[in-house]
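Working notes for the structure below.
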Protein chains: 2
Amino acid sequence: MPRTGRPRAFNRDEAVLAAMFLFWEHGFESTSLAQLRAAMGHISAASFYAAFESKEALFRETVERYKATYGRVMESFHDPRLAPKAAIEQGLRRSARMQTEVSHPLGCLVVLSGISCSPENQHIQEMLAKEREKNRDGIKDCIERAVANGELPDTVDVPMLVTLFDTFLLGISTQARDGIPFKQIDAAITQLMSIWDALSRKNG
Amino acid sequence: MPRTGRPRAFNRDEAVLAAMFLFWEHGFESTSLAQLRAAMGHISAASFYAAFESKEALFRETVERYKATYGRVMESFHDPRLAPKAAIEQGLRRSARMQTEVSHPLGCLVVLSGISCSPENQHIQEMLAKEREKNRDGIKDCIERAVANGELPDTVDVPMLVTLFDTFLLGISTQARDGIPFKQIDAAITQLMSIWDALSRKNG
DNA sequence: TGAATTTTATACTAATCGATCCAGAAGTTC
DNA sequence: GAACTTCTGGATCGATTAGTATAAAATTCA
């Protein structure tokens with residue numbers, strides 16, 4: 001926090017939020033500086049660079065903001081206090097609900113905003129891929145815990161089950177973009193989770 | 001086909017193929033004219049526009065080419081001669097195999113190449129969304145046929161089942177991009193299809 | 001009141017974007 | 001060969017890209 005100097009004429013937090021919505025909707029490369037500055041209250045280029053350093057630095061900041069807010073719908077994957085099945089189910093349902101809300105862009109920023117970039121921005125794609133890997137690892141942890149505590153048989157194909165739930169999770173982004181209502185996705189999640197019960201019954 | 005005049009110095013079909021790979025990998029907006037022309041053998045701008053009219057016209061042509069080649073992995077959704085379950089299963093497995101092949105970009109062009117665009121190219125997004133809707137309709141037809149012929153009970157929630165399979169199908173694109181091997185996705189498909197058998201057993 | 005600090009507006013950079021135009025070469029048909 | 005058609009290289013278009021230089025304006029602290 002600066003103690004002296006001319007005070008900033010715009011709210012930095014609100015500006016990051018506005019940028020997040022733009023990146024979320026149009027992606028990193030397709031969001032221009034002009035759009036970002038306009039959404040921040042038509043601030044000048046000088047003000048933009050003084051506050052955010054660069055377009056890429058701002059994007060990274062919006063990803064962090066996303067993870068700390070909307071992205072928390074998936075935190076159950078990393079909560080060892082939750083029962084494994086409940087952790088996965090909750091993450092899926094909350095993701096589906098969040099991604100279909102109309103108060104912000106549809107789908108998931110981590111999946112959509114950098115899925116296709118120019119070669120010079122490949123590191124952006126890789127950064128987002130690493131974020132997706134964290135979610136995948138969380139799902140894997142849940143399934144491994146279920147095997148460890150006997151909830152699932154130890155004959156279960158863990159990578160297969162991880163892929164089953166993670167592929168569905170990733171598909172929600174495009175479904176949400178295509179306007180599929182939450183209730184349909186939520187009902188599909190119920191059906192998907194029935195696989196867990198079927199596998200668990202075989203354990204008896 | 002022109003009967004007279006100087007013949008084109010590059011192969012138009014090969015040029016469309018090269019363009020398809022670029023759009024597939026980087027998306028519509030992030031693929032520049034310079035990249036396209038370089039991939040076509042460093043042809044001039046004049047040659048490009050004489051042959052393809054515009055970047056957007058070329059993109060539409062590559063989408064058609066994609067549908068007629070790689071995209072045919074999903075044609076089973078629209079084949080009423082196939083048993084409903086086999087049609088869906090085959091479409092999923094062939095999609096997973098094709099999207100993980102290393103001889104071309106990973107994932108599906110229809111899902112990835114226009115998922116986030118600038119506002120001025122929203123019609124590109126909508127065009128691809130319509131293509132995805134056709135696949136979705138194909139899956140729906142399969143499920144409705146299964147209900148009609150008694151393979152699935154008429155109490156089944158059709159939109160829910162369509163969403164279940166379609167969400168997984170759409171998720172394959174990102175999974176493939178993230179390097180998940182075909183065998184894992186294929187095994188997940190086997191598990192996913194077990195839902196069909198469980199629903200069909202209840203019918204007895 | 002004045003020095004120090006920070007943000008502001010304005011103007012500007014070099015590069016790239018998709019797209020166009022023209023002169024002339026190159027290949028075709030007759 | 002003449003007439004005709006088409007393609008090609010090169011220059012160029014206006015607009016936009018991300019990013020910067022400069023100096024005035026607004027604040028805090030001495």
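The shown structure was predicted, so the numbers you read here are calculated from the model rather than taken from an experiment.
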_Pairs where residues 40-54 of chain A contributes a residue and the test salt bridge (Lys or Arg N to Asp or Glu O under 4.0 Å) is met, not counting sequence neighbours_ = none
*Residues forming a side-chain hydrogen bond (donor to acceptor under 3.5 Å, both in side chains) with E64(B), sequence neighbours excluded*: K67(B)
_What is the separation between atom CG on L58(B) and atom P on dC17(C), rounded to the nearest whole Å?_
16 Å
_N or O in side chain of S47(A) less than 4.0 angstrom from dT8(C) OP1/OP2_ = yes
_Distance check needed: dT8(C) C1' versus R12(A) CZ, whole Å only._
17 Å
_Does F52(A) reach a base, just sugar-phosphate, or nothing at all? Heavy atoms under 4.0 Å._
nothing
*For A50(B) and for F28(A), find the nucleotide of DNA chain D with the closest heavy atom, then tell me which residue's nucleotide is more 5'.*
A50(B)
*In chain order, what residues pass the side-chain hydrogen bond (donor to acceptor under 3.5 Å, both in side chains) check against S30(B), with sequence neighbours excluded?*
E29(A)
*For the pair made of CZ in F48(A) and P in dT6(C), what is the distance, rounded to whole Å?*
20 Å
*Contacts to DNA chain D from residues 29-46 of chain B, heavy-atom cutoff under 4.0 Å, which residues?*
S44(B), A46(B)
*Return the set of residues passing side-chain hydrogen bond (donor to acceptor under 3.5 Å, both in side chains) with S76(B) (not counting sequence neighbours), or none when no residue passes.*
none
*asked:* Given dT5(C), dA26(C), dA9(C), identify the nucleotide with an atom nearest to the side chain of R6(B).
replied: dA26(C)
*Going by an N to O cut-off under 4.0 Å, is there a salt bridge joining K85(A) and D197(A)?*
yes
Identify every side-chain donor-acceptor pair in residues 14-26 of chain A under 3.5 Å, counting partners at least two apart or on other chains, and give the distances.
unit_1: W24(A); atom_1: NE1; unit_2: G107(A); atom_2: O; d: 3.0
unit_1: H26(A); atom_1: ND1; unit_2: C117(B); atom_2: O; d: 2.8

*Are Y49(A) and dG19(D) close enough that a side-chain N or O sits under 4.0 Å from OP1 or OP2?*
yes
*Enclosure of R72(A) CZ (heavy-atom neighbours >12, cutoff 6.0 Å)*: no
*Could you list the residues that satisfy salt bridge (Lys or Arg N to Asp or Glu O under 4.0 Å) with K134(B), not counting sequence neighbours?*
E131(B)
*Does anything in residues 186-196 of chain A pair up under salt bridge (Lys or Arg N to Asp or Glu O under 4.0 Å), and if so which pairs, sequence neighbours excluded?*
R93(A)-D186(A)
*Can you tell me how far C1' of dA19(C) sits from CZ of F59(B), to the nearest Å?*
19 Å
*Which parts of residues 115-127 of chain B get close to DNA chain D, meaning a heavy atom less than 4.0 angstrom away?*
none
*Under 4.0 Å: is that the gap between some side-chain N or O of T4(A) and OP1 or OP2 of dT27(D)?*
no
